[in-house]
Student: 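The structure that follows is given in the form of structure tokens.
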There are 2 protein chains.
Amino acid sequence: MPKKSEGKRKISESTIKRLSLYYRALSLLEKENQETISSKELARREKLTPAQVRKDLSFFGSFGTRGLGYPVSELKQRIAEILGVNRVWNIAMIGVGNIGSALVSYKEFQKQGFIIKLVFDNDQRKIGSNHKGLIVSDIRDMPRLLRENHIEMVVLAVPAIVAQYIVDEVVAAGIKAILNFAPINLHVPPDVYLRSENMSMELEYLSFTLTNRRPPAE
Amino acid sequence: MPKKSEGKRKISESTIKRLSLYYRALSLLEKENQETISSKELARREKLTPAQVRKDLSFFGSFGTRGLGYPVSELKQRIAEILGVNRVWNIAMIGVGNIGSALVSYKEFQKQGFIIKLVFDNDQRKIGSNHKGLIVSDIRDMPRLLRENHIEMVVLAVPAIVAQYIVDEVVAAGIKAILNFAPINLHVPPDVYLRSENMSMELEYLSFTLTNRRPPAE
DNA sequence: CGGCCCATGTGAATACTTTCACAATAAAGA
DNA sequence: TCTTTATTGTGAAAGTATTCACATGGGCCG
Ligand SMILES: NC(=O)c1ccc[n+]([C@@H]2O[C@H](COP(=O)([O-])OP(=O)(O)OC[C@H]3O[C@@H](n4cnc5c(N)ncnc54)[C@H](O)[C@@H]3O)[C@@H](O)[C@H]2O)c1
Ligand SMILES: NC(=O)c1ccc[n+]([C@@H]2O[C@H](COP(=O)([O-])OP(=O)(O)OC[C@H]3O[C@@H](n4cnc5c(N)ncnc54)[C@H](O)[C@@H]3O)[C@@H](O)[C@H]2O)c1
């Protein structure tokens with residue numbers, strides 16, 4: 001019997017990220033009609049250890065069969081439930097510039113159930129224009145439109161200088177989950193979940209490793 | 001005396017990422033003409049603990065003055081050296097679609113010393129066209145052009161299905177650092193540094209937290 | 001239907017990261 | 001010059017995450 005709805009299971013960030021990896025791997029395996037997969041093979045594909053895979057899954061229950069492995073479709077379905085991706089999420093994009101447009105054009109999000117229903121900007125030339133089937137709304141109508149459209153997540157693609165201001169408005173409108181692309185440290189109340197993508201940080205990470213890598217064996 | 005060039009100092013991924021945060025914070029402080037900053041204040045700005053800040057910096061030397069704090073400009077300069085961003089890095093973008101174009105248009109990378117010198121595609125309609133002052137090159141000329149232009153990092157913005165193939169070519173051309181945007185697990189030799197940005201994973205993380213958050217106090 | 005095989009599930013051990021707590025010490029003011 | 005004050009730098013402690021290692025038990029073959 002799966003031991004769900006227990007006390008305060010504290011799941012680590014790394015475990016959640018790995019669940020995303022497992023989910024992606026299982027989706028591929030399902031397409032290939034593979035019926036079961038062992039922790040060993042799943043670990044190999046994602047460059048992890050078999051124990052790591054089993055431990056991660058064990059936080060949520062016992063999904064495998066000893067001697068056999070995990071049933072691909074069933075495990076995929078269970079992870080979808082855990083991640084909350086067995087449903088549709090309505091999303092609003094704020095800022096339809098370079099990165100905002102690229103994200104709106106990206107059809108994969110929609111396939112995964114992340115539906116961009118609204119896009120906002122404050123540029124009069126953009127408001128009212130058609131972006132991949134979506135009419136750009138005026139940022140001033142945001143609070144009302146977010147509520148009317150049952151938006152639960154917001155993606156922020158505005159200049160860093162206005163990002164905190166916009167976040168405050170988004171929070172005031174009752175949104176609890178924000179994905180931010182502006183390279184700035186944003187402040188939100190504790191009940192609002194904020195994740196930031198920072199591409200410069202990744203480039204700096206590469207810069208660090210290239211700069212500090214062990215010199216090639218002499 | 002700073003204890004650099006010691007044995008096998010193993011710096012953790014989290015420490016390196018925080019160095020990026022400190023660097024960004026120090027750049028802002030420098031603009032505001034602030035001369036010194038304490039670990040306490042730096043920690044407050046980046047939502048960390050003062051001990052964390054001091055410990056991170058202590059891996060690389062002693063940069064502060066007891067009773068006073070750290071000299072802003074000097075510390076910024078030292079972190080730039082540690083991260084390897086006190087210089088210019090030549091970058092090639094592969095794939096000039098939605099996301100590739102957005103990144104090429106982004107002027108901040110250039111300001112930080114990450115210079116996109118070449119862009120590649122395999123679409124005949126795109127090859128030869130002008131993208132923000134850069135002529136799109138034919139992917140078939142990649143190995144030669146990467147070498148001729150002293151490219152040291154490659155950003156990958158091609159469809160997932162061709163990503164492994166392109167990575168193999170990039171590795172064969174001698175590149176040791178790759179930033180990948182395709183949502184797929186790429187395999188590279190151990191001396192090649194690969195980082196991946198996965199936006200779906202961040203959305204799934206938000207989905208997880210919204211789904212599993214403690215219910216509002218009753 | 002009995003026994004062997006194999007991979008799970010999980011406590012315990014290990015490894016890694018963060019925080020604590022305080023001695024050391026530079027600056028500033030008396 | 002001496003005292004006070006503030007903040008660093010760092011071992012040691014506490015807290016997390018990962019890996020080990022093996023008992024457990026379902027599947028399958030004979
Ligand atoms: N383009 C990239 O590749 C890239 C990479 C990393 C980070 N970023 C970050 O993403 C953000 C957007 O970058 P971009 O290149 O798309 O910039 P951009 O200037 O092309 O787009 C920003 C958009 O936000 C809109 N905007 C400005 N103020 C607004 C407001 N108050 N309300 C609503 N909309 C407003 C602008 O009209 C514009 O359409 C920036 O913070 C940038 O630093 C971009
Ligand atoms: N657009 C987004 O917002 C977004 C978000 C997350 C991830 N991604 C990922 O980034 C990658 C690119 O996405 P996109 O939306 O820009 O796709 P896109 O189709 O707009 O662009 C891909 C580009 O790569 C080029 N290309 C294809 N095969 C090539 C080859 N063999 N050699 C050189 N160039 C080749 C295409 O001609 C095209 O210009 C994809 O892997 C996608 O999953 C995109």
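None of these values were measured; they are calculated from a predicted model. Below, read A as the first sequence line, B as the second, and so on, with proteins coming before strands; counting in each chain starts at 1.
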Student: So that I can tick it off, tell me whether B/R78 and B/E74 are bridged by a salt bridge, with the cut-off set at under 4.0 angstrom between side-chain N and carboxylate O.
Tutor: no
Student: Quick one: is A/Y70 getting a side-chain N or O under 4.0 Å of the C/dG9 phosphate, OP1 or OP2?
Tutor: yes
Student: Can you check whether B/R66 has a side-chain N or O nearer than 4.0 Å to OP1 or OP2 of C/dA23?
Tutor: no
Student: Can you tell me the distance, in whole Å, between the CD1 atom of B/I16 and the C1' atom of C/dC16?
Tutor: 15 Å
Student: Can you check the B/D56 CG to C/dT18 P distance for me, whole Å?
Tutor: 7 Å
Student: Would you call the rings of B/Y106 and B/F109 parallel, tilted or perpendicular, where under 30° means parallel and over 60° means perpendicular?
Tutor: perpendicular
Student: Without decimals, in angstroms, what is the distance between A/R78 CZ and C/dG9 P?
Tutor: 12 Å
Student: Between C/dA26, C/dT19, D/dA17, which nucleotide gets closest to the side-chain atoms of B/T65?
Tutor: C/dA26
Student: If each of A/G67 and B/L68 is mapped to the nucleotide of DNA chain D with the nearest heavy atom, which maps nearer the 5' terminus, i.e. the 5' end?
Tutor: B/L68
Student: List the steps and the verdict of side-chain hydrogen bond (donor to acceptor under 3.5 Å, both in side chains) for A/N198 and A/E202.
Tutor: CA-CA 7 Å; A/N198 191 329; A/E202 296 297 332; over 6 Å; no
Student: Give the rounded distance in Å between these two atoms: CZ of B/F60 and C1' of D/dT8.
Tutor: 17 Å
Student: Work out which heavy atom in A/L83 is nearest to a heavy atom in B/S207; give both atom names and the distance.
Tutor: O-OG, 2.5 Å
Student: Kindly indicate whether the side chain of A/T211, heavy atoms from C-beta on, has any atom under 4.5 Å from the side chain of B/W89.
Tutor: yes
Student: Please report the distance, rounded to the nearest Å, between CD in B/E13 and C1' in C/dT18.
Tutor: 16 Å
Student: Evaluate whether atom NZ of B/K47 has more than 12 neighbouring non-hydrogen atoms of other residues, nucleotides or ligands under 6.0 angstrom away.
Tutor: yes
Student: Using a strict heavy-atom distance below 4.0 Å, which residues from residues 27-54 of chain B are in contact with DNA chain C?
Tutor: B/T49, B/A51, B/Q52, B/R54
Student: I'd like to know if A/E152 pairs up with A/R87 as an ion pair, taking the criterion as any Lys NZ or Arg NE/NH1/NH2 lying under 4.0 Å from an Asp or Glu carboxylate oxygen.
Tutor: yes
Student: Mind calculating the distance between CD (A/E74) and P (C/dT8) to the nearest angstrom?
Tutor: 14 Å
Student: In whole Å, what is the span from the CZ atom of B/F59 to the P atom of D/dT10?
Tutor: 11 Å
Student: The side chain of B/K55 is closest to which nucleotide in this list: C/dG9, D/dA12, D/dT18?
Tutor: D/dA12
Student: What is the distance, rounded to the nearest whole Å, between atom NZ of B/K10 and atom P of D/dT18?
Tutor: 13 Å
